[in-house]
Structure formats: structure tokens, C-alpha cells
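We count residues from 1, following the sequence as given.
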Amino acid sequence: MLVGLYVTSILTNIAATNALQTLRTLNSNMERTQQQVSSGLRVQTAADNVAYWSISTTMRSDTDAIAAASDALGLGTAKVDTAYQGMEAVIDVLDEFKPNSSPQKRPASTRGRSSSNWTS
């Protein structure tokens with residue numbers, strides 16, 4: 001009979017019931033906070049807050065798209081730089097040929113020998 005008395009006492013004790021409810025609430029809040037801290041996100045799923053989740057999902061996809069575009073621009077820049085360096089190398093080689101091919105800049109005695117420079 002004493003066992004039933006203690007159980008009834010705990011079940012009807014308003015202060016104990018309120019304390020138990022407070023502990024459950026605190027535990028739930030702590031679990032939610034731990035999930036937010038571990039993920040780094042305030043709104044981790046749509047169940048947390050639908051509006052914020054939608055906005056954050058859109059922002060994440062926009063950030064990923066901008067990163068992809070930035071990578072593509074970097075590759076394009078590298079290709080243009082390579083083409084520019086190749087063009088400069090071709091200009092340097094043509095500048096080396098220029099004195100041999102211009103008859104007006106050479107003395108008259110060597111003008112007839114320009115074809116021999118190209119064949120040798």
C-alpha cells in the first residue's frame with residue numbers, strides 16, 4: 001500500500017510535473033542547438049523554418065553557380081594568356097626575319113643575295 005501512495009504522490013505533485021516538463025523542454029532545445037552548432041546552419045531543414053530554408057537554399061545554389069562561373073572565367077583567362085604569349089613569340093620570330101627581308105634597309109651590294117639567306 002505504501003508503494004501506491006508514493007506513485008500517487010509523484011503523479012499529483014504539480015511542482016514535480018512542472019519541473020519534468022521544463023527539463024523536457026530544455027533537453028529538446030539543447031538537442032536543436034547542438035544540431036545547429038554541428039551543422040553550422042541555423043535552419044538545417046525545411047521543418048525548422050520554411051521561409052528561411054527556402055532563402056538559404058537559393059543562396060547556396062546561387063553561390064555554387066557563381067563559383068562555377070568564376071572557375072570558368074579563370075580557365076578562359078588562362079587560355080587567353082597562353083594565346084597572347086604564343087602571339088608574342090610569333091611576333092619576336094617575325095621581327096628576326098624583318099631585317100633580312102627588307103631590301104630598302106640594306107646596302108645596294110647585298111640586295112641580290114636575299115634569296116640565298118632564305119635557302120641556307
> Please give the remaining members of the hydrophobic cluster of Met59, linking ILVMFWY side chains under 4.5 Å, ordered by chain and number.
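Listed partners: Ile55.
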> List in chain and number order the residues that pass side-chain contact (heavy atoms from CB on, under 4.5 Å) with Thr25, two or more places apart in sequence or in another chain; answer none if no residue qualifies.
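Here the qualifying residues are Gln21, Asn29.
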> Considering residues at least two apart in sequence or located in another chain, which fulfil the side-chain contact (heavy atoms from CB on, under 4.5 Å) criterion with Leu94?
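Only Val90, Phe97 meet the side-chain contact (heavy atoms from CB on, under 4.5 Å) criterion with Leu94.
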> With ILVMFWY side chains joined below 4.5 Å, transitively, what does Leu26's cluster contain besides itself?
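Reading the cluster by chain and number, Leu26 sits alone, since nothing else belongs.
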> Sorted by first residue and then second, give each side chain to side chain donor-acceptor pair (under 3.5 Å) pair with at least one member in residues 61-73; sequence neighbours left out.
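Found none.
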> Using atom types as modelled and distance alone, determine if a side-chain donor or acceptor of Ser28 lies under 3.5 Å from a backbone N or O of Arg24.
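Here the side-chain-to-backbone pair does not exist.
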> Would you say the side-chain atoms of Ser54 pair up with the backbone N or O of Val50, donor to acceptor, closer than 3.5 Å?
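Checked: no pair found.
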> Output every pair passing side chain to side chain donor-acceptor pair (under 3.5 Å) with a member in residues 74-94, not counting sequence neighbours, ordered by first then second residue.
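Sorted result for residues 74-94: Tyr84-Glu88.
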> Output the distance between atom CH2 (Trp53) and atom OG1 (Thr58), rounded to the nearest 0.5 Å.
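Result: 8.5 Å between the selected atoms.
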> Suppose we screen for salt bridge (Lys or Arg N to Asp or Glu O under 4.0 Å). Which residues come up paired with Asp95, at least two apart in sequence or across chains?
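Asp95 satisfies salt bridge (Lys or Arg N to Asp or Glu O under 4.0 Å) with Lys98 once adjacent residues are dropped.
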> Which residues pass the side-chain contact (heavy atoms from CB on, under 4.5 Å) test with Asn27, sequence neighbours left out?
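Once residues adjacent in sequence are excluded, the partners of Asn27 under the side-chain contact (heavy atoms from CB on, under 4.5 Å) criterion are Met30, Glu31.
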